[in-house]
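Since the structure is predicted, the reported quantities are computational estimates derived from the model, not experimental observations. Within every chain, numbering begins at 1; the chains are lettered A, B, ... in the order of the sequence lines, protein sequences first and strands thereafter.
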2 protein chains.
Amino acid sequence: MPTASNSGARAARTQQHAARTEAARERLKAWIAERGLKQTRQRDLIVDSFFSASGHLSIDELLARVSLRDRNIGAATVYRTMKILTESGLASARHFDDGQTRYEAALDRDHHDHLICTKCQTIIEFENERIEELQDEVALEHGFTVTRHKLELYGLCGKCRAKSDR
Amino acid sequence: MPTASNSGARAARTQQHAARTEAARERLKAWIAERGLKQTRQRDLIVDSFFSASGHLSIDELLARVSLRDRNIGAATVYRTMKILTESGLASARHFDDGQTRYEAALDRDHHDHLICTKCQTIIEFENERIEELQDEVALEHGFTVTRHKLELYGLCGKCRAKSDR
DNA sequence: GACGCAATTGAGAACGATTCTCAACGAGCA
DNA sequence: TGCTCGTTGAGAATCGTTCTCAATTGCGTC
Ligand SMILES: [Zn+2]
Ligand SMILES: [Zn+2]
Ligand SMILES: [Zn+2]
Ligand SMILES: [Zn+2]
C-alpha cells in the first residue's frame with residue numbers, strides 16, 4: 001500500500017510537471033514570437049529540462065540535466081535561455097548565499113520566501129501574509145515604496161539538527 | 001543658528017566615530033594577540049578608515065579612503081583585513097543585490113535589517129521585533145532552527161519616487 | 001639593540017560565475 | 001530554395017575575490 005500510494009504520488013507529480021512544461025512552452029512560444037526571436041531545438045530542450053525538474057536549480061545543475069539529452073549544448077546557451085525565461089516571467093532568479101544564481105519556475109506561482117538548511121541545502125518555501133504586511137508598514141514609515149524584497153532564513157532543518165545533536 | 005547646530009551635530013558624530021574607532025582598535029588588538037597574529041601599520045590604517053566612515057562600505061570604497069592616506073596599500077590587504085574584522089565580530093559582511101560585499105561596523109550593534117533604494121542606493125536600517133518573532137514561528141513550524149536571516153526591502157525612497165512621479 | 005622566524009604584504013596570477021565575441025549555423029519567411 | 005538575422009558553441013573577457021610567492025616586518029628572545 002505505501003508503495004502504491006508513493007508511485008501514485010510520483011505519477012501525479014510527473015503529470016503535473018508535464019502539464020506545467022506544456023503551458024510554459026506555449027507561453028514562451030508566444031513571448032518569443034512577439035519579439036521576432038526564434039524557437040530553437042536547444043531552447044526547447046532547456047525549457048523542457050527546467051520545467052520537468054523541480055526546486056531551485058543552478059545553471060550547473062540544469063546544464064547537467066540538459067547534457068544528458070544533448071551533450072553539445074553549451075553553458076552560454078543555458079545562461080541565455082534562463083535569462084529569457086526570467087525576462088518573460090516564466091522563471092525567477094534567486095540569489096541565495098551560495099554564490100550561484102538559482103532559478104525556479106514562476107508560472108502561476110504566488111510570491112513566497114525561503115528557509116534554507118545550511119547543512120544539507122534543503123530549501124523550504126513559505127508564505128506569511130502578516131510578515132508581508134509588516135514589511136509594507138516598515139517601508140511606509142520610512143517613506144519607501146517597496147518593489148521587491150528578499151527574506152531568507154538560514155539554519156538547520158530538523159534532520160540535520162538531530163544529527164548534530166547526537 | 002542652523003549652521004551652529006549642524007556643525008554641532010557634525011562634531012558630535014565625529015567624536016562618536018572617534019570613540020568607536022578607539023574601542024574597535026582595542027578589541028582588535030586583543031583578538032589579534034590571542035591568536036599570535038600581528039598588528040601592522042596597514043591594518044591599523046584600514047581599521048581606522050573603516051570605523052571613521054559610516055554606512056555600508058564596499059571594498060572599493062574602503063580602498064579609496066585608505067589610498068588617500070597610503071597609496072601603497074594593496075586591495076588584497078583590505079580584503080584580508082575585512083575578513084579579520086568580520087571574524088572577530090567587529091564588522092559584519094552584507095551581500096546586497098549589487099554584486100559586491102559591503103561591510104558595516106558591528107561593534108555593540110543590535111541586529112537590524114535593510115531598506116534599499118534601487119535608484120539612489122540609500123540604505124536605511126530598521127528593526128522590527130514582530131517580524132523577527134514571526135520568522136521564528138515560521139521556522140519552528142517547519143522544524144528549522146534559524147541561525148541567521150536576511151531581510152531586504154528594495155524599492156524607491158521618498159525622494160526618488162517624487163522625482164520619478166514628476 | 002640585534003636576531004630569528006613566523007606572520008604580513010603587494011603584485012600579479014588564479015578562480016568561479018557570468019557575459020561577451022565571433023564565425024558557423026539554422027529558423028522563419030518569400 | 002535562398003536570404004536574412006537571430007542563435008549557437010567555444011573560448012576570451014570581466015568582475016569580485018582569493019591565492020601564491022618572494023620580500024618585508026612585527027615581536028618575543030637573547
Ligand atoms: Zn538539512
Ligand atoms: Zn522558491
Ligand atoms: Zn533613493
Ligand atoms: Zn546595516
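Using a 4.0 Å cut-off between a side-chain N of Lys or Arg and a carboxylate O of Asp or Glu, E125(A) and R109(A) qualify as a salt bridge. Ionic pairing of E26(A) and K29(A) is not present here: no N-O contact between side-chain nitrogen and carboxylate oxygen is shorter than 4.0 angstrom. Note on R25(A) versus E22(A): no salt bridge recorded, every NZ/NE/NH1/NH2 to OD/OE distance being 4.0 Å or above.
At a threshold of 4.0 angstrom between heavy atoms, the contacts of D60(B) with the nucleic acid are absent.
With the nearest nucleotide of DNA chain C identified for both N72(B) and R35(B), R35(B) has the one nearer the 5' end. Taking the nucleotide of DNA chain D with the nearest heavy atom to each of I59(B) and D70(A), the more 5' of the two is matched to D70(A).
With values rounded to the nearest 0.5 angstrom, H95(A) atom NE2 is found 11.0 Å from Q100(A) atom CD. Taken to the nearest 0.5 Å, the NE2 atom of H17(A) stands 4.5 Å off from the OG atom of S54(A).
Around atom CZ of R35(A), more than 12 heavy atoms belonging to other residues, nucleotides or ligands sit under 6.0 Å away.
Near-neighbour residues of DNA chain D inside residues 36-51 of chain B, defined by a heavy atom below 4.0 Å, number-ordered: K38(B), Q39(B). Contacts with DNA chain D (heavy atom under 4.0 Å) in residues 73-103 of chain B: A76(B), Y79(B), R80(B), G99(B), Q100(B), T101(B), listed by number.
Between D113(A) and the options E152(A), H149(A), K150(A), a side-chain contact (heavy atoms from CB on, under 4.5 Å) holds for only H149(A). For the side-chain hydrogen bond (donor to acceptor under 3.5 Å, both in side chains) with H56(B), the qualifying choice from Q121(B), R94(B), H114(B) is H114(B), the only one to do so.
Here dT19(C) presents its C1' atom at 16 Å from CG of L63(A), a figure rounded to the nearest Å.
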